[in-house]
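Report on one structure; see the data block that follows.
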Amino acid sequence: LLTLMSLPSATGIPYGPAVASDGSGFLVLWRQYEPGTSMHKLMTRGVSSTGSVGSLVTTMGSPNTLYDFPPITHGQGGYAMAWEQQLNGYTLRFVRLSASGGQVGNAVDLHNSSSSVDVMHPHLAGNPGGGYMATWYGSSPSTNNDIYARALSSTGALAGSRATVCQVSSSQYRPRVAFGTTDFLVSWYDYRQSSSNADIYGQRLTSSGILVGSSSTTNKEISRGVKNQRYPATVFCGGHYSVFFRDERYATTILARQKVNTSGNTIDTSVHLNELLYANTSSVGLTVRAACGGTKAFLLWSEGKELRG
């Protein structure tokens with residue numbers, strides 16, 4: 001068991017950790033609340049493959065008003081993170097990181113608004129042979145939340161224009177992105193079929209952020225049921241994508257999966273029949289995370305006061 005930061009510490013309270021690997025080690029990122037303020041810092045710490053802990057690095061020092069839990073990923077250009085910050089309005093930012101957690105180059109704005117437009121919950125994926133893909137949701141002129149994405153080069157520069165991944169008459173939430181063999185898959189939940197029950201949808205994107213196989217008003221159904229299916233986590237593992245999510249169609253909340261091929265289609269079952277992975281009388285936490293190790297996926301979630309995987 002490694003201690004990366006004491007809880008609480010004299011200099012702040014850490015929470016919302018995220019981790020990525022470059023194949024030889026790991027980099028852990030978390031938000032750190034500054035006592036007596038409403039501000040936060042972003043902290044990182046490297047961990048070797050043998051469990052040796054590196055130096056504590058203040059990746060973003062001056063306390064800022066930050067939101068949500070920043071994601072971290074690894075691509076050809078190294079580690080990278082994104083975060084939501086109140087800066088000249090509501091802004092999403094991106095920067096590459098060294099293996100020890102220091103910033104590499106200048107941060108770029110994925111979205112910068114001078115008005116109080118909601119842009120929330122960014123997520124990242126890296127291409128081992130190329131750049132990165134960032135995705136998030138935000139309010140559109142019609143006031144509904146839509147899904148957006150932005151491609152970045154391996155040097156962390158913006159590549160092309162912002163892509164509208166999904167824009168329908170209902171709201172969409174919590175996008176997650178993973179890189180496959182040549183394209184990225186973005187998954188999210190939305191209410192286009194029912195105003196009270198959410199379903200899981202997906203959309204493929206090229207490495208330059210161009211939609212593949214369907215449009216921003218159609219997309220691909222991944223899971224649809226009579227009750228909510230929400231909070232997806234997406235990985236590419238064993239030659240296909242696995243989209244994990246909460247399925248609330250039964251008496252208890254369960255964790256379910258749909259496998260998706262590189263063409264964006266479900267593999268083993270229809271969108272109405274999910275693969276049941278786990279069920280309990282406790283409510284599964286909102287945060288479901290997944291990672292790939294070789295040909296096997298690892299799933300992590302909170303349940304009551306416990307963290308399970």
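Worth knowing before you read on, the calculation uses all heavy atoms, side chains too, and leaves out hydrogens, waters and symmetry mates. The model shown is predicted, which means the values in this text are computed figures rather than measured ones.
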* **Heavy-atom check, side chain of L29 versus side chain of P70, under 4.5 Å** => yes
* To do: Over all heavy atoms of both residues, which pair between R257 and L277 is shortest? Give the atoms and the distance, please.
  => CB-CD1, 3.8 Å
* To do: Over all heavy atoms of both residues, which pair between D146 and S170 is shortest? Give the atoms and the distance, please.
  => OD1-O, 4.4 Å
* Asked: Between atom CZ of R224 and atom CG of L273, what is the distance when rounded to the nearest 0.5 Å?
  -> 12.0 Å
* Structure fact -> Closest heavy-atom pair, Y241 versus T234, reported as atoms and distance to 0.1 Å, is CD2-CG2, 4.3 Å
* **Q193 and D199 side chains, donor-acceptor separation under 3.5 Å** => no
* To do: Mind listing the closest non-hydrogen atom pair of T44 and S100 along with its distance?
  => OG1-O, 4.0 Å
* **Ring-face cation of R192 near Y201 (centre distance under 6.0 Å, axis angle within 45°)** => yes
* For Q203 and N219, does a side-chain donor sit closer than 3.5 Å to a side-chain acceptor? -> yes
* To do: Of all the heavy-atom pairs spanning C166 and D190, show the shortest one and how long it is.
  => SG-OD2, 4.1 Å
* Validation row, ring centre Y231 to ring centre Y173 under 6.0 Å -> no
* **Check ion pair K259-E275 (N to O, under 4.0 angstrom)** => no
* Taking the six-membered ring for Trp and the single ring otherwise, decide whether the centroids of Y148 and H111 are under 6.0 Å apart. => no
* Can you list the steps and then say if T206 with S208 is a side-chain hydrogen bond (donor to acceptor under 3.5 Å, both in side chains)? -> CA-CA 5 Å; T206 68; S208 57; 3.0 Å; yes
